[in-house]
Each structure stands twice: as C-alpha cells, then as structure tokens.
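All remarks here apply to the structure that follows.
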Amino acid sequence: ATTSQVADLVRNVGGDRVDVTQILRPNADPHEYEPRPSDALALQSAKVVFRSGGDVDDWLAPIVARAGGATHVVDLSEVVATLPGDGGKGIDPHWWQDPRNGESAVRAIRDELIEADPKGRASYERHAAAYLRQLAHLDASIAMCINRVPPTERKLVTSHDALGYYTRRYGIDLIGAAIPSRSTQAQPSAASIKRLVDLIKREHVKTVFPEASVSPKLESAISRDAGAQLGRPLWADALGPAGSAGATYVESLISNTKAFVDGFTGGRMACRPTA
C-alpha cells in the first residue's frame, strides 16, 4: 500500500491473512516522497498493490515499471466520490477525509483481497462488515459534533488544500490555505500570504490549523499577523506514528474533529466523536 491511510484500511480488512507493506512512513509528506530501491523489491513480491490515486502517489508508476510492470495495482480513487477540480488545481486526491469514501474503499479492498485469496473470503467479509459499521458510526458522530458549532463559526484556514472532502461533508466554510494548492510542494507568494491574512481578519477566523506532516512556521506567522490562534495540528496527508493522536484512519478523523470544534469556537466548546 502506498499511503498510510490506505495501508490502515487494508490492515483492517485483511486481518491476519494479509501482510501489508506500507511504502510511506507515518507522518511523511506523500507529495515529497522519493522512492527507494526497496520499494521496487516489495512490489515484485506483492499479489496486490493498493494506491490512493492522484498526485499523492503518482510516483508509484515508475517503480511499478522497474519492478516489471506486471504488478496488479488497484487505484482506490476510481471507486470513491471525487471532488471536481477548480481553479486549475486538478482533482482533489484527499478522498479519505470523507468517511463515506473510506467505506467505498473498504468494499473495493474486500473484493480485491477475495479475488487474490478466495479461501479468505469469509474472513475478509467479516472484517469488512465490522469496519464498515465502525466508519458509518464515526461519520454520524463527526456530523453531530460539527453541528454543535454555529455555522457562522465553522471557518477553516489550514496548511494546504487537503480538507475539501471534510469541509463539504460537514458544512464547513473553507476560507483559505497557507499554501493555495493541493500539493505541499507549491510555494506561496508574499502577496498571497497578505491576502490570506487580510481575509482571516475580515472573516473573523479564530484559528489557523497547521498540519502534522509539514512545518508549522508559516501557519504560525500567518496566525500571529492575523490575530488568530494557532490550532492543534491536523492529520491531512498522512497518519501519525503509533501512540499519536492520528495513528489510525479512525483516530485521525476523531483528532481532527476535536481540533476543529475547539478551534472554531475559540475553546468554548469540546466534542469527541466515537467510532
């Protein structure tokens, strides 16, 4: 599996019957990943390769080619609901920010594992069914938490455009991003930063949220200049290491939701979704 999110989904469906090799390390920025020779070796021995899709792991193609090109690659972006491109940014690949897309991915993973290992059908179906119930409950619980926040206070400014699925799902106003791109490799200009600071002031945004996988220096400067507070780091492009608040897909969404409720309301409210 390429990204940490996809690897976690596969582990939940596969259980003990599947040995998952996760290419991206926890808290690693997928946009800046440089493939290693060991990745090609791992692909050669894999029965199935699951990728997120889009530009978060488009570095996979040349590795597959070097590994011989016969690897069975499943692009999960093809089975989820996608956000349209806007402003020349292209298709948003961060589909996992909507748990309903997580559910679609789980169904696809289940079916691919059954095809690769028919004897494991009962196990894969059982694990997938339990995990699907968990994700459905999480989705409803997140919605309940966000709905407690008055709509006029649900104003998000973060590191880069990675939360479009989440904001659309739960009715959040995406004001702007420090890096106005869906890739962290883009570079903001002084003019764009000034416009964002002015927008934060005009919209009375309480909190600027950094992301765990990138340095918070820019977001810290923006929040200071705009008179906003710096929020808790979000799990956007990657999951965190074991023991962190975003060690799993479910935990990352719970952590982000807690951060949003706290940041949107200036600490006035708190809510912890459950799965």
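One-based numbering along the sequence shown.
Distance alone, capped at 3.5 Å, is enough to place a donor-acceptor pair between the S192 side chain and the S189 backbone. In this structure, the side chain of D57 engages the main chain of S52 through a donor-acceptor pair within 3.5 Å. A donor-acceptor pair under 3.5 Å is absent between the side-chain atoms of N256 and the main chain of L234, judged by distance alone. At distances below 3.5 Å, not a single donor-acceptor pair connects side-chain atoms of D98 with backbone N or O atoms of R169. Proximity of a side-chain donor or acceptor of S255 to a complementary backbone N or O of E251 within less than 3.5 Å is not detected. With hydrogens and angles ignored, the 3.5 Å screen pairs a side-chain donor or acceptor of R154 with a backbone N or O of G171. A distance-only check finds no donor-acceptor pair linking the side chain of D262 to the backbone of K258 [under 3.5 Å]. Side-chain atoms of S77 never come within 3.5 Å of backbone atoms of G53 as a donor-acceptor pair (strictly under, hydrogens ignored). Distance alone, capped at 3.5 Å, is enough to place a donor-acceptor pair between the Q97 side chain and the A236 backbone. T71 places no side-chain N or O within donor-acceptor distance of the main-chain N or O of V64, the cut-off being under 3.5 Å.
Annotation: the span from T248 atom OG1 to L239 atom CG amounts to 7.0 Å, rounded to 0.5 Å. Between the CD atom in E115 and the OH atom in Y124 there is a gap of 12.0 Å [rounded to 0.5 Å]. In this structure, CG on L24 lies 9.0 Å from CD on Q5, to the nearest 0.5 angstrom. Remark: L199 CG to I175 CD1 distance equals 5.5 Å, nearest 0.5 Å. Taken to the nearest 0.5 Å, the CZ atom of R195 stands 13.0 Å off from the CD1 atom of I200.
By the criterion of side-chain heavy atoms lying less than 4.5 angstrom apart, applied directly or through intervening Ile, Leu, Val, Met, Phe, Trp or Tyr residues, W235 is not grouped with V214; the two fall into different hydrophobic clusters. The hydrophobic cluster containing L230 does not contain V205, counting ILVMFWY residues as joined when their side-chain heavy atoms lie under 4.5 angstrom apart, directly or transitively. Under the 4.5 Å side-chain heavy-atom criterion for Ile, Leu, Val, Met, Phe, Trp and Tyr, V13 and Y249 are members of the same hydrophobic cluster. There is no path of hydrophobic side-chain contacts, each under 4.5 Å, that joins M144 to I254.
If you check the side chains of S159 and E219, you find a donor sitting under 3.5 Å from an acceptor. With hydrogens and angles left out, the side-chain atoms of D29 and H31 include no donor and acceptor closer than 3.5 Å. A donor and an acceptor atom, one from each side chain of H127 and N12, are nowhere located under 3.5 Å apart.
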Could you walk me through whether D111 and R107 pass salt bridge (charged side-chain N to carboxylate O under 4.0 Å, His left out), step by step? CA-CA 6 Å; D111 295 345; R107 295 185 184 97; over 6 Å; no

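The shortest side-chain heavy-atom distance between P273 and L253 does not fall under the 4.5 Å cut-off. Using a 4.5 Å heavy-atom threshold, the side chains of H204 and T152 count as separate. Counting only heavy atoms from C-beta outward, the side chains of L76 and W95 approach each other to under 4.5 Å. You'll find the side chain of I23 reaches within 4.5 Å of the side chain of Y33, heavy atoms only.
Looking at residues two or more places apart in sequence or on another chain, you find a side chain to side chain donor-acceptor pair (under 3.5 Å) between T257 and Y166. Residues passing the side chain to side chain contact (heavy atoms under 4.5 Å, CB included) test with Q134 are Y131, V250, A275, sequence neighbours excluded.
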Scan the side chains in residues 40-50 for donor-acceptor partners under 3.5 Å anywhere in the protein, sequence neighbours excluded, and list what turns up.
unit_1, atom_1, unit_2, atom_2, d
S45, OG, A42, O, 3.1

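Between T265 and K206, the closest heavy-atom pair is C-CD, 3.8 Å. The minimum heavy-atom distance between K201 and D225, with the atom names listed, is CE-O, 3.3 Å.
Ring geometry for F264 against F209 counts as perpendicular: the plane angle is over 60°, on a 0 to 90° scale with 30° as the lower cut.
At a threshold of 4.0 Å, the pair D39-R36 counts as salt-bridged, since one of the basic side-chain nitrogens sits closer than that to a carboxylate oxygen.
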